[in-house]
Amino acid sequence: MTWDLNGQTEVVEQALAGGVPQRAGWFRFYFADQRWEWSDEVQRMHGYEPGTVTPTTDLVVSHKHPDDRDEVAATIDDMVERRGAFSTRHRIVDTGGATHDVVVVGDQFCDDNDEVIGTHGFYIDVTAEPETNSEDVITAKVAAIAQRRTVIDQTKGMLMLVYGIDESAAFDLLKSLSQVRNMKLAPLAEQIGKDFKELGREAISSRAQFDQRLLTAHLRVSG
C-alpha cells in the first residue's frame with residue numbers, strides 16, 4: 001500500500017483541477033524531518049494564499065479546532081511512530097476564524113529503494129454539506145444511489161453520501177485515486193462500490209472502515 005513518489009504531486013493536482021474550488025487538495029508529509037507540503041487548495045482551505053506559507057507540524061496542529069487538537073496531534077504522533085496510513089475527520093479553523101469540517105485520508109509513499117518515507121493523501125472540505133444522522137435522509141440517499149445507471153455514477157453517489165460532498169468533488173476524488181493508482185476508473189469504481197455494499201451502513205456510521213477500504217481498493221481489483 002504505497003504511493004510512487006515521483007510525479008504524484010502533478011498527477012493529483014491535475015486530477016483535482018477543474019473541481020469545486022478549495023473543496024479538495026493534496027498534502028505530503030515526510031517522516032524524517034516532519035516536513036509538510038500542501039497543494040494550493042489546502043493552503044486556501046487554511047486561509048492562506050498559495051506560496052505564502054510553509055506548513056510545519058506546529059502550524060498544522062495550530063489550525064485544528066481546540067476540541068479536536070489533542071486527538072489530531074496524537075494521530076500525527078502515532079503516524080510518525082508507526083509510519084502507517086491514517087484517516088481522520090475533524091475541524092480546522094482558517095486564518096479568518098471560519099471553521100471547516102474536513103476529511104483527511106493518507107497513505108504511505110516510498111523512496112526509490114521502497115523504504116517508507118512519508119504519507120501522501122487528500123484533504124476534503126465537507127463543510128458545505130454537513131453529515132446527517134437522519135435515517136430518512138440516509139435511506140433516501142441510498143435509494144438515489146441505486147437509481148444511478150453506471151458503476152462510476154453509483155460510486156460517485158456512495159462517496160457523496162459517505163463524505164457529504166457534491167458530485168463534482170466526488171468525481172475529482174475518484175478520478176485522482178484512479179490516476180494515482182495507475183488504474184482504469186471503471187474497475188476501481190466497481191471495487192469501491194463492492195466495498196461500500198459489503199460494509200453497509202457501517203460505511204456511514206463508522207467511516208474509518210470505509211476510508212481504509214478506499215485506500216486499498218486497488219489491491220482487490222481482479223483481472
Side-chain angles (χ1 to χ4, degrees), residues 1-20 23-30 37-39 41-42 79 83-89 103-126 145-146 148-200 202-204 207-223:
M1 185 170 62
T2 60
W3 295 62
D4 176 13
L5 178 60
N6 295 326
Q8 290 310 308
T9 296
E10 291 78 12
V11 168
V12 176
E13 198 166 53
Q14 290 171 11
L16 293 169
V20 179
R23 291 291 301 280
W26 58 263
F27 75 92
R28 179 177 286 161
F29 175 71
Y30 294 85
E37 295 176 358
W38 283 348
S39 71
E41 293 83 4
V42 175
M79 176 183 66
R83 301 202 164 198
F86 78 102
S87 64
T88 178
R89 181 165 185 160
V103 173
V104 183
V105 183
D107 198 0
Q108 299 168 324
F109 69 82
C110 298
D111 61 15
D112 293 336
N113 298 316
D114 291 330
E115 294 290 331
V116 177
I117 61 171
T119 299
H120 183 167
F122 305 93
Y123 273 73
I124 309 168
D125 189 336
V126 297
I145 291 170
R148 292 172 176 263
R149 294 185 177 182
T150 71
V151 169
I152 293 173
D153 280 344
Q154 285 187 343
T155 302
K156 283 193 299 184
M158 294 169 189
L159 294 172
M160 291 165 66
L161 175 58
V162 173
Y163 294 116
I165 55 181
D166 61 25
E167 185 169 2
S168 178
F171 184 66
D172 284 342
L173 178 57
L174 182 59
K175 183 170 61 174
S176 62
L177 285 167
S178 170
Q179 293 184 339
V180 166
R181 301 307 189 189
N182 193 26
M183 184 174 292
K184 290 184 178 180
L185 192 62
L188 182 60
E190 183 177 8
Q191 182 59 54
I192 293 171
K194 288 179 181 177
D195 291 336
F196 178 90
K197 292 172 183 176
E198 183 177 324
L199 287 173
E202 290 184 11
I204 305 166
R207 207 207 67 248
Q209 293 188 52
F210 182 78
D211 290 342
Q212 187 62 24
R213 296 288 188 96
L214 182 71
L215 289 171
T216 59
H218 64 293
L219 299 176
R220 293 184 295 280
V221 175
S222 59

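Note that the structure is predicted; figures quoted are calculated from it, not measured. Side chains are part of it too, since the values below use all heavy atoms of this structure and drop only hydrogens, waters and symmetry mates.
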_Between I117 and F109, does the side chain to side chain contact (heavy atoms under 4.5 Å, CB included) criterion hold? Intermediate values first, please._
CA-CA 6 Å; I117 61 171; F109 69 82; 3.4 Å; yes

*Going through the checks in order, is the side chain to side chain contact (heavy atoms under 4.5 Å, CB included) test met by Y30 and E37?*
CA-CA 9 Å; Y30 294 85; E37 295 176 358; 3.6 Å; yes

_Residue pair F171, L185: steps toward the side chain to side chain contact (heavy atoms under 4.5 Å, CB included) verdict_ = CA-CA 10 Å; F171 184 66; L185 192 62; 3.7 Å; yes

*Mind running side chain to side chain contact (heavy atoms under 4.5 Å, CB included) on Q154 and F196 for me, showing each step along the way?*
CA-CA 10 Å; Q154 285 187 343; F196 178 90; over 6 Å; no

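None of V105, V104, D211 except one satisfies the side-chain contact (heavy atoms from CB on, under 4.5 Å) rule with T88; the exception is V104.
In plain terms, the two heavy atoms of A189 and L174 that are nearest each other are CB-CD2, 4.0 Å. Scanning all heavy atoms of the two residues, the minimum distance from I192 to A217 falls at CG1-CB, 3.7 Å. Closest of all the heavy-atom pairs between V42 and W26 is CG2-O, 3.4 Å. When all heavy atoms of G193 and M158 are compared, the closest pair comes out as CA-SD, 3.5 Å.
Without hydrogens or angle criteria, D111 side chain to N113 main chain gives a donor-acceptor distance under 3.5 Å. Judged by distance alone, with hydrogens and angles left aside, the side-chain atoms of T119 form no donor-acceptor pair with the main-chain N or O of Q108 at under 3.5 Å.
Rounding to the nearest 0.5 Å places NZ of K156 at 10.5 Å from NZ of K175. For the atom pair C110 SG and E115 CD, the distance stands at 8.0 Å (nearest 0.5 Å). To the nearest 0.5 Å, atom CD of residue Q191 and atom CD of residue E198 are 8.5 Å apart. Of the inter-residue distances, the one linking L173 atom CG with I124 atom CD1 reads 4.5 Å to the nearest 0.5 angstrom. Annotation: the span from F29 atom CZ to H120 atom NE2 amounts to 14.0 Å, rounded to 0.5 Å. Annotation: the span from L214 atom CG to F122 atom CZ amounts to 8.5 Å, rounded to 0.5 Å.
In this structure, the side-chain hydrogen bond (donor to acceptor under 3.5 Å, both in side chains) partners of R220, at least two apart in sequence or on a different chain, are D195, T216.
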